[in-house]
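Just so it is clear: chains get the letters A, B, ... in the order the sequence lines come, proteins before strands, and each one is counted from 1.
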Amino acid sequence: MIEKFTLDVIHIIKSIPKGKVMTYGQIAFIAGNPFGARQVARILHSMSQKEQLPWHRVINAQGKISLGGEMGIIQKSRLVDEDIIFKNDRINLRKFQYHYPNE
DNA sequence: GCTGTGACGCCAT
DNA sequence: AATGGCGCCACAG
């Protein structure tokens, strides 16, 4: 049985519109687990390959990519393609963060 | 059912 | 601004 938290997280991630991003902590908070940022990361890691999640729209609270190596490059270029602007590998959250409708 | 782990976040230096 | 340490919790082994 998969936790409701996990399902909520997946649903929330799927709702992120193009050109916007959300942070791990924000998603976890909305899903009902204020301290579940790490679970969000874990969910992405395990599900993004199977599910069709816009995983590249999820970044950390500092507005930076949490992945190193090639995956990080891929994520960055995907975001750039959505007109999201990087300034020294950092995104302006005040401008690009998506505020979830409910809660 | 106990233990380690992680694409994190926050506060104290 | 940069680092380090601790907390928190679902999931795999």
Side-chain angles (χ1 to χ4, degrees):
Chain A
M1 176 58 183
I2 305 174
E3 294 288 319
K4 181 177 184 300
F5 170 75
T6 301
L7 297 177
D8 285 345
V9 168
I10 293 172
H11 180 75
I12 292 167
I13 293 174
K14 281 187 177 177
S15 77
I16 305 175
K18 180 187 173 196
K20 293 288 182 180
V21 297
M22 285 183 91
T23 69
Y24 298 92
Q26 183 191 5
I27 293 170
F29 186 87
I30 295 170
N33 194 334
F35 298 96
R38 310 195 64 153
Q39 281 66 276
V40 174
R42 202 179 162 65
I43 290 166
L44 255 50
H45 206 91
S46 59
M47 308 295 283
S48 58
Q49 296 182 342
K50 299 180 180 179
E51 309 291 325
Q52 294 185 344
L53 300 179
W55 58 272
H56 55 279
R57 296 184 186 139
V58 183
I59 60 180
N60 64 31
Q62 302 173 49
K64 292 198 277 193
I65 307 288
S66 294
L67 274 167
E70 288 190 54
M71 294 306 285
I73 305 295
I74 294 174
Q75 180 171 15
K76 180 177 177 181
S77 48
R78 283 239 213 169
L79 292 174
V80 171
D81 281 345
E82 299 187 355
D83 300 318
I84 291 176
I85 301 172
F86 278 81
K87 183 166 185 175
N88 289 17
D89 289 332
R90 219 167 62 257
I91 293 175
N92 185 339
L93 286 180
R94 294 204 298 191
K95 212 176 164 190
F96 295 106
Q97 182 170 40
Y98 175 53
H99 299 288
Y100 202 67
N102 204 348
E103 300 180 82

Student: Between atom CD1 of Ile73(A) and atom CD1 of Ile65(A), what is the distance when rounded to the nearest 0.5 Å?
Tutor: 9.0 Å
Student: Taking Lys76(A) for the side chain and Met71(A) for the main chain, is one N or O donor matched with an acceptor at less than 3.5 Å?
Tutor: no
Student: Determine, for nucleotides 5-13 of chain B in 5'-to-3' order, which nucleotides have protein heavy atoms under 4.0 Å from the base (write B), from only the sugar-phosphate (write S), or from neither (write -).
Tutor: -BBBS----
Student: Which sits closer to the 5' end of DNA chain C, Lys64(A) or Ile2(A), going by the nucleotide each is nearest to?
Tutor: Lys64(A)
Student: Find the distance Ile10(A):CD1 to dA10(C):P and express it as a whole number of Å.
Tutor: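 So the two atoms are 14 Å apart, to the nearest Å.
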Student: Hey, could you give me the OG1/CZ distance between Thr23(A) and Phe29(A), rounded to the nearest 0.5 Å?
Tutor: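 The CZ atom of Phe29(A) is 11.0 Å from OG1 of Thr23(A), to the nearest 0.5 Å.
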Student: What's the separation between atom CD in Gln39(A) and atom CD in Glu3(A), rounded to the nearest 0.5 Å?
Tutor: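 Between Gln39(A) CD and Glu3(A) CD, I get 10.0 Å after rounding to 0.5 Å.
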Student: If I take atom CD1 in residue Ile27(A) and atom C1' in nucleotide dC8(C), what distance separates them, rounded to the nearest angstrom?
Tutor: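 Roughly 17 Å, once rounded to whole Å.
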Student: Atom CG of Asp89(A) and atom CD of Gln62(A): how far apart are they, to the nearest 0.5 Å?
Tutor: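 Separation between the atoms: 12.5 Å.
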Student: How many angstroms lie between CD1 in Ile43(A) and OG1 in Thr6(A), if you round to the nearest 0.5 Å?
Tutor: 4.0 Å
Student: Would you list the protein and nucleotides 1-3 of chain B atom pairs, both N or O, that sit under 3.5 Å from each other?
Tutor:
none

Student: Are Met47(A) and Ile10(A) close enough that some pair of their side-chain heavy atoms sits under 4.5 Å apart?
Tutor: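 Yes, side chains in contact.
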Student: Measuring from atom CD1 of Ile13(A) to atom NE2 of His11(A), what distance do you get when rounded to the nearest 0.5 angstrom?
Tutor: 11.5 Å
